[in-house]
Amino acid sequence: MFSVTTPGPASVSGRLCFTLIVLTLATTGINGTVHVSTPPVVEAEIGKPINITCVPEISTPSTVKYVQWFVNEKNLRKRIYFQDGESRIVDNETDYTGRIKVDENYTLTISPVELGDEQTFLCQVGAGPAGSGEGTTELKVFDAPELPEIFPSEVSISVLEKKPSQIATCRTRNGYPAPNITWYKDRTPLQAITKMDNKMYVTSQATQEPSGLYTIVSTLHYAPEKKDKDSKFYCEVSYRMPSGVDKMKESQKINVSINYPTENVEFVFQPSVLKESDNVSMECRSDGTSNVEYTFYRVLDGEEEILESTGNTFELSGVQRMDSGVYGCKVLDFDVFHKDFTANKTITINYLDSIKLEPKGPYTFMVGVKDKTIHCSAEASEQTSVIWKKHKKTISSENVLQLPVVTFDDSGTYTCEVTVKNIPSLKRQKSIDIIVKGSPEVNCMKRTFYKKEPYVNLTCIFKGNPAPKVTCLESDRKKVLAVRTHQQNNYTTVSELIKPLTVEMLKVTCNGSNKHGSKTHNFTVDGGTSNTRSSGGMLIIVIIVCIILLAFLGAVLYFLYKKGKIPCGRSGKQDITRTDAHDDIVVEVKNDQKVPEETVLLQGVNGEKKPPNDQ
């Protein structure tokens with residue numbers, strides 16, 4: 001910032017002499033020119049600094065120069081700066097005092113720019129005998145407006161109105177120069193027609209605030225259609241900034257409350273698939289927004305029976321099959337009261353009756369009877385599917401449970417499930433018990449095992465209903481044996497007898513009986529034969545081991561012969577190389593009571609056949 005010097009009497013007289021000299025030289029006709037260049041227009045943003053250049057061109061050398069900056073206010077030139085040699089003065093009591101400075105190149109800086117700075121600035125340069133010159137610059141100022149605000153209409157607008165209605169008002173504040181407002185519907189600009197048109201027109205008002213900035217208010221008048229119910233309306237303010245930059249700001253987007261009359265009516269109900277005991281909700285839907293009245297009805301014997309309802313819904317609780325029929329609704333629109341709107345649908349209440357079994361039971365059969373069947377069915381509103389299960393496992397996908405020949409294993413609990421095919425939630429089931437009675441059946445087995453000493457296990461499974469009672473006797477001594485028994489189910493008894501295996505023959509008779517009869521099984525356990533078999537088995541193992549050892553020795557001798565270690569036909573001593581490592585030999589012998597003992601013959605080692613000379 002240059003210092004400001006207050007001129008004294010000497011200074012004033014000096015300026016007067018200087019001015020007289022300039023005038024005298026000008027009148028004496030001394031040749032010379034001074035040309036000053038300044039930009040014709042400079043654009044500045046309010047609140048920011050701006051520079052205005054001043055470049056003098058002097059035709060003759062001159063050392064006497066002065067510079068002055070002026071501003072034209074109301075067609076009057078007012079000086080704001082003076083420079084004479086080393087003396088630099090910012091004039092007091094102007095709008096620019098304290099806001100300007102001039103550098104060594106005579107460039108004027110204004111900081112910050114204010115709205116009132118939109119004036120014409122003049123730079124004057126004097127060069128003594130060469131004369132003086134000046135250049136002018138017009139300063140343009142700009143200020144961005146605030147974000148536009150939109151205010152929708154507070155009342156609903158009917159599409160039946162013959163004239164455009166006020167849709168919304170848009171306002172933007174503090175812009176300079178005055179900005180422009182454009183209206184949009186769904187990204188499409190609306191033509192700014194100011195004349196009251198049959199479809200649309202816009203009214204605008206610009207107000208200059210005491211600050212000098214502008215507030216713009218624009219109101220959109222529009223005749224909406226039904227398709228505009230989902231449209232978005234908004235306004236856009238556009239304005240210029242320095243260096244020719246065009247900018248814009250958008251307001252929020254709004255929906256306009258539009259009333260339109262009914263054109264179509266829809267009747268719906270939930271749930272869409274119904275069964276007995278369900279609750280039904282019926283709804284009447286109008287595609288209009290005007291004030292309407294709803295009426296529900298049911299068609300009975302060709303006549304419409306009015307149902308008492310409130311609003312556009314109607315409820316039925318715990319429906320039954322007799323509630324099936326045609327239901328509908330009517331809409332009375334007061335905007336188009338001369339026209340009737342109605343819609344209806346057929347409502348079907350699905351049902352599934354209780355399951356019927358044929359024969360009805362009880363289901364008690366004697367074992368061995370043939371061709372027993374049980375039919376399962378249920379009446380329903382639609383086609384059904386039937387399955388039979390036993391212990392949660394599906395055993396039949398038909399409505400008939402067939403027992404070709406009844407066995408004790410057919411006893412148990414069976415469940416019949418009936419389902420309406422198109423309505424999986426509509427299902428019923430019924431369980432029955434099949435009881436099979438009869439005299440016992442038996443299945444026995446014996447098994448020997450070792451636990452320090454040999455034992456025999458005699459097991460019998462008796463099936464019968466009632467469950468058989470089992471007793472076992474040692475036949476020769478008529479001695480009752482202690483038998484361990486347990487009930488596998490209500491028709492199966494499992495008995496188990498464990499005895500030490502001795503050389504004496506053991507004869508055991510087991511009997512299972514119930515009120516329908518009895519069944520006997522005889523065991524014969526030959527203890528001596530078992531010992532002989534055991535000894536014979538050990539003997540076979542010894543023989544097999546010996547044969548394997550002899551075969552191994554023969555293979556070693558054959559190998560040494562092939563290597564030339566043992567020449568045949570020569571006398572003298574021969575060295576025989578022996579191997580210290582022997583393969584482990586494992587022999588497994590299985591003995592089954594029902595399979596006779598077999599003799600094992602080894603014909604060679606590793607499946608090789610030896611030539612005659614080597615045997």
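Residue numbers start at 1 and run along the sequence shown. It should be emphasised that the depicted structure is a prediction, and the values quoted were computed from it without experimental measurement.
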Taking the side chain as C-beta and beyond, is there a heavy-atom pair between [X] and [Y] under 4.5 Å?
{"X": "I374", "Y": "W388", "result": "yes"}
{"X": "Y294", "Y": "V331", "result": "yes"}
{"X": "V292", "Y": "L332", "result": "no"}
{"X": "C284", "Y": "V265", "result": "yes"}

What's the separation between atom [atom1] in [X] and atom [atom2] in [Y], rounded to the nearest 0.5 Å?
{"X": "T346", "Y": "Y327", "atom1": "OG1", "atom2": "OH", "value": "10.5 Å"}
{"X": "K437", "Y": "F365", "atom1": "NZ", "atom2": "CZ", "value": "12.5 Å"}
{"X": "L426", "Y": "L274", "atom1": "CG", "atom2": "CG", "value": "11.0 Å"}

For the pair [X] and [Y], find out whether any cationic side-chain nitrogen is under 4.0 Å from an anionic carboxylate oxygen.
{"X": "D228", "Y": "K185", "answer": "yes"}
{"X": "R285", "Y": "E283", "answer": "yes"}
{"X": "R321", "Y": "E276", "answer": "yes"}
{"X": "R484", "Y": "E496", "answer": "yes"}
{"X": "E417", "Y": "R428", "answer": "no"}
{"X": "K356", "Y": "E379", "answer": "no"}
{"X": "D409", "Y": "K463", "answer": "yes"}

(message) Cation-pi check for Y234 against K253: NZ or CZ below 6.0 Å from the six-membered ring centre and within 45 degrees of the axis, yes or no?
(response)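 Yes, K253 sits over the ring of Y234.
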(request) Tell me, yes or no, whether the heavy-atom count around Q320 atom CD, taken from other residues, nucleotides or ligands under 6.0 Å, exceeds 12. (result)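 Counting neighbours around CD of Q320, more than 12 heavy atoms of other residues, nucleotides or ligands fall under 6.0 Å, so yes.
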(request) Verify whether one side chain among S431 and T415 offers a donor that lies under 3.5 Å from an acceptor in the other. (result)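 Yes - a donor-acceptor pair under 3.5 Å links their side chains.
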(message) Is a donor from one side chain sitting under 3.5 angstrom from an acceptor on the other, for T493 and T485?
(response)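 Side-chain D/A pair, T493 to T485: absent.
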(message) For residues 254-291, which residue pairs pass the ring pair (Phe, Tyr, Trp, His ring centres under 6.0 Å) check, not counting sequence neighbours?
(response)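 For residues 254-291: none.
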(request) Report yes or no: is the SG-SG distance between C510 and C460 under 2.5 Å? (result)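 Unbridged: C510 and C460.
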(request) Please find out if less than 6.0 Å separates the ring center of Y414 from that of Y363. (result)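 Ring centres of Y363 and Y414 not closer than 6.0 Å.
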(message) Parallel, tilted or perpendicular, judged at 30° and 60°: which one describes the rings of Y455 and F449?
(response)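 Plane angle under 30°, so parallel.
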